[in-house]
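Inspection log for the structure reproduced underneath, given as structure tokens.
Values in this document were obtained by computation on a predicted structure and should not be read as measured data. Every number for a ligand or one of its atoms is a count from 1 in the order of the listing.
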Amino acid sequence: MADNKRHFIHNTDIGQNFLIDRGVVEFILKRSAPTAEDVVLEIGPGDGVLTRGLLSTPLKALYSVEVDERLREGLDKIAARDGRCTCFWGDAVQFDYVRALPEPPTKIIANLPYHITTPLMWAFLEQLVPAKTDYMLLMVQLESAERIASPAGHRECSPLGITVEAMGSAEIVRKIPPTAFNPQPRVNSALIEIKIEKNRVLANDRTWRGLLARSFTQRRKTLANNWAVGYSGSGVTRERAFEILAAHGLKPTARAEELTLDKWFALAEVPDFRLKNKNSGE
Ligand SMILES: C[S@@+](CC[C@H](N)C(=O)[O-])C[C@H]1O[C@@H](n2cnc3c(N)ncnc32)[C@H](O)[C@@H]1O
């Protein structure tokens with residue numbers, strides 16, 4: 001591994017900024033505190049710095065998903081030394097977690113490849129939260145962390161952040177400077193902690209996802225304009241949009257970023273916005 005490490009050429013196009021600050025690894029382990037009951041998923045184990053740290057805790061099993069085969073030798077050695085660790089190979093966004101993992105993870109603890117943060121988070125919410133996962137501690141770009149932790153009604157809020165808020169909580173627990181990584185990323189990073197407490201299948205609800213996606217299509221435009229475009233196939237005109245807004249105590253000029261979580265839940269009940277769920281038999 002040491003020899004590999006010396007000659008390894010990091011591919012920063014796929015987020016290969018490896019953690020070198022031991023203090024940050026220790027912080028992640030202390031904060032996430034895996035117990036003997038925890039099955040942990042790590043995305044992008046890389047050179048294994050966090051993987052080895054996680055294996056120093058009493059966790060029951062550790063599954064990791066890595067895309068870069070050049071890292072296979074080092075990761076195979078780690079797995080060979082500790083039977084609790086299994087590495088899967090492939091693209092973590094396309095990965096079929098439910099079928100491939102022997103057991104659903106209770107926790108996801110990872111230093112994510114930043115360029116795929118949003119699709120990965122949706123994959124976790126769609127596949128793993130309904131199965132078991134109720135805790136995530138993720139290293140992401142600071143800007144993404146701020147968006148995810150922004151509650152509905154806040155300028156920076158987003159469909160992903162609002163969905164996380166509806167399912168539990170998201171908190172930035174530590175900001176991390178570029179010097180914690182090799183090579184250093186051009187952006188600041190943050191550890192975001194997500195706790196799932198309710199609405200575990202919400203991310204699979206097509207009506208909810210469709211409403212948020214269509215409402216935020218052009219975030220500086222009014223909801224009436226976005227709905228008239230996004231729901232034109234369902235017959236939602238600007239006039240009908242004004243009626244829906246008025247019925248919910250909202251101004252005709254309301255924009256997606258102004259709505260509270262209660263309003264989103266109420267709007268998701270409006271028949272005009274209803275989309276059938278896959279496999280619902282409806
Ligand atoms: C930020 S590095 C983290 C490496 C290591 N865990 C650490 O903390 O230093 C991100 C890792 O994700 C891997 N990666 C990038 N894209 C991926 C993808 N689509 N699926 C799985 N792993 C990916 C990279 O190869 C890299 O090892």
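- Minimum interatomic distance between Q218 and N226 (heavy atoms only, all atoms of both residues): O-ND2, 3.0 Å.
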For ligand 1, list all ligand N or O to protein N or O distances below 3.5 Å, rounded to 0.1 Å.
{"from": "ligand 1", "atom 1": "6 (N)", "to": "E42", "atom 2": "OE2", "distance (Å)": "3.4"}
{"from": "ligand 1", "atom 1": "6 (N)", "to": "G44", "atom 2": "O", "distance (Å)": "2.8"}
{"from": "ligand 1", "atom 1": "6 (N)", "to": "P45", "atom 2": "O", "distance (Å)": "3.2"}
{"from": "ligand 1", "atom 1": "8 (O)", "to": "N111", "atom 2": "ND2", "distance (Å)": "2.9"}
{"from": "ligand 1", "atom 1": "9 (O)", "to": "L19", "atom 2": "N", "distance (Å)": "2.7"}
{"from": "ligand 1", "atom 1": "19 (N)", "to": "D91", "atom 2": "OD1", "distance (Å)": "2.9"}
{"from": "ligand 1", "atom 1": "20 (N)", "to": "A92", "atom 2": "N", "distance (Å)": "2.9"}
{"from": "ligand 1", "atom 1": "22 (N)", "to": "V67", "atom 2": "N", "distance (Å)": "3.4"}
{"from": "ligand 1", "atom 1": "25 (O)", "to": "Q16", "atom 2": "NE2", "distance (Å)": "2.8"}
{"from": "ligand 1", "atom 1": "25 (O)", "to": "E66", "atom 2": "OE2", "distance (Å)": "2.6"}
{"from": "ligand 1", "atom 1": "27 (O)", "to": "G46", "atom 2": "N", "distance (Å)": "3.4"}
{"from": "ligand 1", "atom 1": "27 (O)", "to": "E66", "atom 2": "OE1", "distance (Å)": "2.8"}

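- V129 and V140 fall within the same hydrophobic cluster, where Ile, Leu, Val, Met, Phe, Trp and Tyr residues are linked whenever their side-chain heavy atoms come under 4.5 Å apart, directly or through other members.
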Which pairs of donor and acceptor atoms, one on a side chain in residues 16-28, lie under 3.5 Å apart (sequence neighbours left out)?
{"from": "Q16", "atom 1": "OE1", "to": "N11", "atom 2": "N", "distance (Å)": "2.7"}
{"from": "Q16", "atom 1": "OE1", "to": "R70", "atom 2": "NH2", "distance (Å)": "3.2"}
{"from": "Q16", "atom 1": "NE2", "to": "D68", "atom 2": "OD2", "distance (Å)": "2.8"}
{"from": "N17", "atom 1": "ND2", "to": "P183", "atom 2": "O", "distance (Å)": "2.9"}
{"from": "D21", "atom 1": "OD1", "to": "G23", "atom 2": "N", "distance (Å)": "2.8"}
{"from": "D21", "atom 1": "OD1", "to": "V24", "atom 2": "N", "distance (Å)": "3.3"}
{"from": "R22", "atom 1": "NH2", "to": "E26", "atom 2": "OE2", "distance (Å)": "3.0"}

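- The stretch residues 96-149 participates, sequence neighbours left out, in these ring-ring contact (aromatic ring centres under 6.0 Å, His included) pairs: F95-Y97.
- Residues C157 and E257 share a closest heavy-atom pair of SG-CA, 3.7 Å.
- For the side chain to side chain contact (heavy atoms under 4.5 Å, CB included) test, no residue two or more places apart in sequence or in another chain qualifies with E269.
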